[in-house]
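This report refers to the structure that appears directly beneath it.
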Amino acid sequence: TKKLPKQPDLAFCYGTLPKVSRSFAIVIQQLPEGLRDAFCVFYLVLRALDTVEDDMSIPIDKKVPLLHAFHNLSQQRGWTTKAGVAEYADLMAGYPAVIQVYLQLDQQYCKVIDDVCRRMGAGMADFITDDVITVDDYDLYCHYVAGLVGVGSSQLFAASGLESEQYAAADELSNHMGLFLQKTNIIRDYLEDIMEEPAPRMFWPREIWGKYVSSLDDLRHPQNEAAALHCLNHMICDALRHAPHSLEYMVGLRNYQIFRFCAIPQVMAIATLALCYNNPAVFRGKVKMRRGQTAKYMMETDSMQTLLEAFMDFGTMLCKKAKSHRIAMAKDPTRETVVERLG
Ligand SMILES: CC(C)(C)CN1C(=O)[C@@H](CC(=O)N[C@@H](CC(=O)O)C(=O)O)O[C@H](c2cccc3ccccc23)c2cc(Cl)ccc21
């Protein structure tokens, strides 16, 4: 691993990153210097905001104003708040160091990070009380927590001068990039999320799961396996809506390091969806790609060509699974299946 920077605040940031992210800490090393510090701060500030949102010990009447104020508080030297556990509590304890580095960033980078945190905090506050019912609610929630990260990332790429100005206004395509990753995580983490103590926060839209079971919890009971798999495949078809737009976003990138920075998480996401499709393990345990496989994707995703090949390979795998699944389904004509949409 790379040696840590001499400047103590920067050392804290780069020392904390591998503790709160696995693949991201590695992929960020590929970015050019100026952009790398901006993304290191961006990631940690977002993780801190996420830690506040996720901390069920913070009462709602305190959490809502805190989420709204977070972007301002993150620019007040020395500020922090008690939130999160383990490495996330450590992040919050050392948050003044993140603020120091944040305030030393190029002004145009600060502006982007502030704007994303302001909008994300406000969106998170809205969803503290509202549940995710419709697919539109689902897309809106994912827009706040992940789509905006794409919008901000594109603005940082444009501001660095390494990508064209068109990325400063590529909100639609940037949003798809974030939704593809976030929806994959929401699908993959079903069991981990629903077993969360004290109260699980689930984002699967009732508009989808309500077609298959009467409660989200039913999906994990073996007697509902057939319905659970239909529901899972429906959720995966919904996430795959974003994949073509992600490809369209990435085909326009010019800088090799930025391309890899964007492409590696996208390849991991479609690989995860292919692994999860029609897979009962999603409701039994943690579905995680083998570390060797992720390393392989990190190494091999080095051009649009290999990215497209990876997307096509996983797309083909998904269609094969759906076809064999459809044959099995054909014996059950009673249920309108969603695999037709994949075909
Ligand atoms: C919610 C999320 C999907 C946006 C989180 N998110 C990502 O998922 C990370 C990857 C990551 O953190 N992976 C986890 C693995 C895991 O969660 O299982 C890891 O531990 O390494 O990538 C994204 C990310 C990277 C590059 C380009 C992006 C464009 C649009 C949106 C997001 C983009 C990310 C970039 C930034 Cl600046 C901040 C957060 C993220």
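The structure presented is a predicted model; accordingly, all values stated were derived computationally and were not measured. Just so you know, ligand 1 is whichever comes first in the structure, and atom 1 is the first atom listed for that ligand.
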Measure the distance from atom 40 (C) of ligand 1 to every protein heavy atom, then report the residue, atom name and distance (to 0.1 Å) of the closest one. Tyr43 CE1, 4.0 Å

Quick one: nearest non-hydrogen protein atom to atom 36 (C) of ligand 1, plus distance? Val149 CG1, 3.4 Å

With under 30° as parallel and over 60° as perpendicular, where do the rings of His176 and His245 fit, or are they tilted in between? parallel

What's the spacing between Phe314 CZ and Leu275 CG if we round to 0.5 Å? 9.0 Å

Nearest non-hydrogen protein atom to atom 28 (C) of ligand 1, with distance, is Ser153 OG, 4.4 Å

Looking at Lys286 and Glu192, is any side-chain nitrogen of the basic one under 4.0 Å from a carboxylate oxygen of the acidic one? yes

Please check: side-chain N/O of Tyr102 versus main-chain N/O of Asp114, any donor-acceptor pairing under 3.5 Å? yes

Sub-4.0 Å atoms of ligand 1 with respect to non-hydrogen atoms of Gln182: 1 (C)

Heavy-atom contacts under 4.0 Å between Phe39 and ligand 1: side chain, backbone, both, or neither? side chain

Is any N or O atom of Asn185, backbone or side chain, closer than 3.5 Å to an N or O atom of ligand 1? no

Charged N to carboxylate O below 4.0 Å: is that the case for Asp115 and Lys111? no

Atom 32 (C) of ligand 1: closest protein heavy atom, distance to 0.1 Å, is Leu181 CD1, 3.7 Å

Does any N or O of ligand 1 fall below 3.5 Å from an N or O anywhere on Phe24, backbone included? yes

Tell me: protein heavy atom nearest atom 14 (C) of ligand 1, and distance? Ser23 OG, 3.9 Å

Work out whether the distance between some heavy atom of Lys288 and some atom of ligand 1 is less than 4.0 Å. yes

In terms of atom number and element, which parts of ligand 1 are under 4.0 angstrom from non-hydrogen atoms of Met177? 30 (C)

If the plane angle is over 60° it's perpendicular, under 30° parallel, otherwise tilted; pick one for Tyr212 and His234. perpendicular

Tell me the contacting part of Lys183 for ligand 1: side chain, backbone, both, or neither, using a 4.0 Å heavy-atom threshold, strictly below. neither

Aromatic centroids of Phe203 and Phe127 separated by under 6.0 Å: no

Among protein heavy atoms, which lies nearest atom 37 (Cl) of ligand 1, and at what distance? Phe42 CD2, 3.5 Å

Can you report which non-hydrogen protein atom sits closest to atom 19 (C) of ligand 1, along with the distance? Arg22 N, 3.4 Å

Logged contact type for Val145 with ligand 1, heavy-atom cut-off 4.0 Å, is backbone

No-hydrogen, no-angle side-chain donor-acceptor test under 3.5 Å, Thr316 and Asp313: no

Do any nitrogen or oxygen atoms of Ser174 come within less than 3.5 Å of a nitrogen or oxygen of ligand 1? no

Heavy atom to atom 18 (O) of ligand 1, shortest distance: which of Arg260, Met268, Arg47, Arg188 holds it? Arg188

May I ask you to check whether Phe157 and Phe259 place their ring centres under 6.0 Å from each other? no

Could you walk me through whether Tyr249 and Phe180 pass the ring-ring contact (aromatic ring centres under 6.0 Å, His included) check? CA-CA 12 Å; Tyr249 176 96; Phe180 192 57; over 10 Å; no

Specify whether the nearest protein heavy atom to atom 5 (C) of ligand 1 is under 4.0 angstrom away. no

By number and element, which atoms of ligand 1 are closer than 4.0 Å to a non-hydrogen atom of Gly150? 30 (C), 31 (C)

Taking side chain to side chain contact (heavy atoms under 4.5 Å, CB included) as the test, write out the residues that go with Gln166, two or more places apart. Ser164

With Thr80, which residues qualify under side chain to side chain contact (heavy atoms under 4.5 Å, CB included), at least two apart? Met92, Tyr95, Pro96

